[in-house]
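Throughout, a chain's letter reflects where its sequence line sits, starting with A, and its residues are numbered from 1. Since the structure is predicted, the reported quantities are computational estimates derived from the model, not experimental observations.
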2 protein chains.
Amino acid sequence: MQKATADKSDPIAAQLAPVGRETVQDRVYSELRRALIGGLFEPSQVLTIRGLADALMTSTMPVREALGRLITEKALEALPNRSVRVPPITLERMDDLLRARILIEGEAIALAATRMNSRQIATIEGMLGEWDEMRALKHKKDVDREVTLNQAFHFEIYRACGSAVLIPMIESLWLQSGPCIRVAIYAFSDAGEVDTAHYHRTIVKAMAAQDAAGAREALIADISRPFVFLRNKLEADSKKGLSA
Amino acid sequence: MQKATADKSDPIAAQLAPVGRETVQDRVYSELRRALIGGLFEPSQVLTIRGLADALMTSTMPVREALGRLITEKALEALPNRSVRVPPITLERMDDLLRARILIEGEAIALAATRMNSRQIATIEGMLGEWDEMRALKHKKDVDREVTLNQAFHFEIYRACGSAVLIPMIESLWLQSGPCIRVAIYAFSDAGEVDTAHYHRTIVKAMAAQDAAGAREALIADISRPFVFLRNKLEADSKKGLSA
DNA sequence: TCAATGCAAGTGTGATCACAAATCAAATAA
DNA sequence: TTATTTGATTTGTGATCACACTTGCATTGA
């Protein structure tokens, strides 16, 4: 396998995309990330290395390294007993997360507003259509698809901000708020108010006009919704639990 | 070892501090962190698991997990060859890092400005004294102590912001800018302009007055210095290299 | 009946081994 | 001399094992 035979002078090699050797650990990590952001794990649920290894059909080795990585991103929590769980939801933590997301994602979208080219704007505009489409056959209540599409929309924008530092931080924030969001989305569906498309449309409009301040404002409104909704719900629940 | 016999009713237990079982992996991780923030590793230097394991006198297992964690925080970089190195310094990355630090650390200090109690302010005020003290016998050029003291000063403030979400992000940012900073500090010393104490004094003043905007501004001035200094240096070097 | 004790299963951590891929150096061919 | 190849060494990855600690449950004692 010589390096010289695979360089740019070879007309064959130019058409071949690098295959990219993904390790088992990477796959486990991605899978756990996906599950976390999608809210497949319950808050306060404890995870065991061997349990996950069995579920993912691998040995314990890739799992323990993936868990360690998720713990450092605060997506999981290491208890003093040395067991690991998905962090529980508290009101303080929710406010903390929302504040950080407003700060950082707001900055990212403001940067992106001045840097997105027309092709990128067309891409996110196209996503609005997908959203309406899914909404049409809404009875299916496909929460997974909803979460995935929402994530794709936001990160298509964030990627355009051009900051290799901010984007991983935003990913970490989504990882941390994943469990909360899922709860909120279910509550949303029950309450019947799923107007995400409206908020996204406002964002696209601002981006097309290169209106950084407007985009930031629209984004804040969008990401705040599940948090304030869930906050109200939790407060109502605790009040009800208190009186009961 | 019963839980019941170790609770608050036992007069003996009240005097005993929990022993806290730190794992080898944690020690390796902390040690590598310290080295990274202190800039003990050169930018672009590649690290090997077995090499570090030998240096740290442990097996490869704790090292590889610590490296994985540092890679997810972007403190280290995983090359496609699967070797890991400390990220190289580029102008784009420096600007990116500085912008993120201004955004997040600025927010943290603004929050802290309204929450620090007089005892905490006295603590950071006391640190100014230590700084002057060190400066007096400056001929020793104790860069390590300088870095440590600077870190202690800043994080004493950040901890007071009360955000469990922002603080780990700031730690990650320090980890990422560690290699840059060290280079800058050496350059500073050569240039003979070490007026960090002045900037810190301004910060303390603003914190004592609960002046959030002033504190943010003073902080930005403080953390920007090494970056602009290093930027000028790098630009001068590349220009010189170009003409040579 | 209830709490304390002791045993067994489960779990995380670290060490070691096997294997594949990458790297480096010497040797060979042009 | 220079470029290529071949082989040895190094390195990351995953699997397995041993050990210590925790947890849960059944047994025993008052």
Any residue meeting side chain to side chain contact (heavy atoms under 4.5 Å, CB included) with Glu22(B), in chain and number order, not counting sequence neighbours: Asp26(B), Arg27(B)
Sugar-phosphate only, base, or nothing, as touched by Leu47(A) at under 4.0 Å among non-hydrogen atoms: sugar-phosphate
Parallel, tilted or perpendicular: ring planes of Phe155(B) versus Tyr158(B), cut at 30 and 60 degrees: perpendicular
Estimated bend of the helix from dT1(C)-dA30(D) to dA30(C)-dT1(D) (axis per five terminal pairs, rounded to 10 degrees): 0°
Value in whole Å for how far the C1' atom of dT11(D) lies from CZ of Arg85(B): 17 Å
For atom CG of Leu79(A) and atom C1' of dC21(D), their distance in whole Å: 15 Å
Ring pair (Phe, Tyr, Trp, His ring centres under 6.0 Å) involving Phe153(A) - partner list, sequence neighbours excluded: His200(A)
Worked check of side-chain contact (heavy atoms from CB on, under 4.5 Å) between His154(B) and Ile109(B): CA-CA 9 Å; His154(B) 278 94; Ile109(B) 202 173; over 6 Å; no
Ser177(A) and Phe227(A), any side-chain heavy atoms less than 4.5 Å apart: yes
Asn81(B) vs dT11(D): side-chain N/O to OP1/OP2 distance below 4.0 Å: no
Side-chain donor/acceptor of Arg69(B) to backbone N/O of Arg69(A), under 3.5 Å: no
Under 3.5 Å, sequence neighbours excluded: what are the donor-acceptor pairs made by side chains of residues 164-173 of chain B?
residue	atom	partner	partner atom	Å
Glu171(B)	OE1	Arg33(B)	NH2	3.4
Ser172(B)	OG	Glu73(B)	O	3.2
Ser172(B)	OG	Gln176(B)	NE2	3.2

Distance-only criterion, 3.5 Å: show the donor-acceptor pairs between side-chain atoms of residues 34-58 of chain A and protein atoms not counting sequence neighbours.
residue	atom	partner	partner atom	Å
Arg34(A)	NH2	Glu31(A)	OE2	2.8
Gln45(A)	OE1	Glu42(A)	N	2.9
Thr48(A)	OG1	Gly51(A)	N	3.1

What N/O pairs connect the protein and nucleotides 13-15 of chain C at under 3.5 Å? Give each pair on its own line.
residue	atom	partner	partner atom	Å
dG14(C)	OP1	Val24(B)	N	2.5
dG14(C)	OP1	Gln25(B)	N	3.2
dG14(C)	N7	Arg64(A)	NH1	3.4
dG14(C)	N7	Arg64(A)	NH2	2.6
dG14(C)	O6	Arg64(A)	NH1	3.2
dA15(C)	OP2	Ser59(B)	N	3.3
dA15(C)	OP2	Ser59(B)	OG	2.1
dA15(C)	O5'	Ser59(B)	OG	3.3

